[in-house]
Amino acid sequence: MSTDTKPSIEFADRLKALPPYLFVEIDRAKRAAVAEGRDVINLGIGDPDYPTPPHIVEAMQKSVTNGDYHHYALDAGLPDLRVEIQRWFKDRFHVELDPDGEIYPLIGTKEGIAHLPLGVINPGDKVLLTDPAYPAYRPTIQFAGGKIINITLKEENGWLPELAELKCHTDAKMLVLNYPNNPTSAVATREFYAELVAFAREHNIIILSDMAYSEVYFDGNPPISIFEIEGAKDVAIEFHSLSKTYYMTGWRIGWACGNRTLVAALAKVKSNYDSGIFTAIQVAGIAALKSDPSVTDDMRRLYQERRDCLIEGLAGLGWDITPPQAAFYVWARLPKGFTDSMTCAKTFLDKADIVATPGNGFGPGGEGYIRMALTVEKDRLEQAVQRLKKVL
Ligand SMILES: *Cc1c(COP(=O)(O)O)cnc(C)c1O
């Protein structure tokens with residue numbers, strides 16, 4: 001049977017309403033360069049370049065053959081995993097969490113962040129979002145019908161939102177924060193969190209804290225959890241991830257913790273979407289959290305060496321950059337002669353075969369900056385500096 005008109009399938013309005021993907025152009029240019037056989041140094045992606053440590057892989061190898069683990073996992077995850085998260089959190093932040101109700105394992109932090117707004121945001125609710133920000137927050141708030149209010153971050157404020165500006169939005173339902181921050185590498189101070197928690201408690205504002213980089217920090221200064229502030233559990237939910245800490249981005253495991261009602265909202269949304277984390281991966285997650293401290297110490301030393309190598313090399317070319325205190329990104333004001341981040345990124349690629357991420361891809365507030373990930377070996381960073389001689 002033939003018909004004259006072809007059926008036409010269209011994206012839903014909510015999908016059509018998403019902003020265009022700003023990295024398209026640079027992605028295309030990168031693929032073309034690779035296809036031409038050019039030796040591209042990729043400082044564009046924030047994905048650790050090392051494999052997962054062997055003791056974690058071995059824990060997975062052993063548990064993958066266990067038939068008991070081949071069934072649907074419990075939504076809330078293995079009790080042993082939640083207890084291990086509790087122990088880890090107490091060791092690291094000196095904060096007590098109840099494994100029953102204050103900790104919820106996730107199929108990666110991104111999954112939890114994407115699902116939470118569906119559980120707490122009603123259409124029209126105001127959500128305060130920093131600009132620049134990790135691009136994953138915006139679509140999910142839009143899907144939930146939230147009204148996004150951009151809070152512009154500035155270098156002179158250490159890339160922290162100004163409280164005076166937040167106070168113009170006492171009717172907001174939620175505030176999204178991410179420290180250590182991607183892309184700016186900024187770290188939140190205790191004073192900032194204390195003031196923020198007081199403000200959020202007074203005005204009944206939910207704080208979503210994304211702490212995916214909690215263990216990637218430099219110069220011996222561990223960032224704090226928002227729960228180190230008295231009363232934060234009344235308003236906050238914090239997201240943690242094994243991805244960056246233990247080179248496990250592909251495994252998909254993390255957790256949400258904090259306020260019981262927020263955790264319950266997320267759990268209820270998730271129970272309608274997924275059926276938990278493969279149990280063998282949860283067992284591997286337990287092994288990861290029990291790792292010898294040398295695993296994360298070595299990881300920090302590695303990134304710190306790379307950071308120093310790149311920052312010193314670029315300073316030698318007259319490009320002075322404030323060294324990041326955490327996360328594995330160098331967030332740099334554009335070098336002399338450049339005014340927009342996209343042109344800068346394109347020039348780096350065309351003239352030096354280097355992929356870096358233009359700051360405006362993280363929102364208009366990122367314009368004037370470029371992000372370089374420290375996820376390649378030191379000799380490649382040295383090579384990148386050599387190549388940039390031609391450009392700077
Ligand atoms: C990498 C990253 C995540 C994603 O973590 P997963 O646990 O792998 O989903 C979350 N937030 C930020 C800011 C990130 O850069």
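Counting starts at 1 for both ligands and their atoms, following the listed order.
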Taking the cut-offs as 6.0 angstrom to the six-membered ring centre and 45 degrees off its axis, would you call R371 and F362 a cation-pi pair?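 Judged by the rule, R371 and F362 form no cation-pi pair.
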Ligand 1 polar-atom proximity to protein (N/O, under 3.5 Å):
from, atom 1, to, atom 2, distance (Å)
ligand 1, 7 (O), T109, N, 2.7
ligand 1, 7 (O), T109, OG1, 3.1
ligand 1, 7 (O), S241, OG, 2.6
ligand 1, 7 (O), S243, OG, 3.4
ligand 1, 8 (O), S243, OG, 2.6
ligand 1, 8 (O), R252, NH1, 2.8
ligand 1, 9 (O), T109, N, 3.2
ligand 1, 9 (O), K110, N, 2.9
ligand 1, 9 (O), R252, NH2, 2.7
ligand 1, 11 (N), D210, OD1, 3.4
ligand 1, 11 (N), D210, OD2, 2.6
ligand 1, 15 (O), N182, ND2, 2.9
ligand 1, 15 (O), Y213, OH, 2.7
ligand 1, 15 (O), K244, NZ, 3.2

Partners meeting side chain to side chain contact (heavy atoms under 4.5 Å, CB included) with Y273 (sequence neighbours left out):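 Counting only residues at least two positions away or on another chain, Y273 forms a side chain to side chain contact (heavy atoms under 4.5 Å, CB included) with H115, L118, V269.
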Can a donor-acceptor pair be found between the side chains of N66 and S63 at a distance below 3.5 Å? no
Side-chain donor-acceptor pair under 3.5 Å between Q304 and D219, yes or no? yes
Flag the pair R380 and D49 as a salt bridge only when some basic side-chain nitrogen lies within less than 4.0 angstrom of an acidic carboxylate oxygen. no
Pick out which of F89, Y246, F227 makes a ring pair (Phe, Tyr, Trp, His ring centres under 6.0 Å) with H240. F89
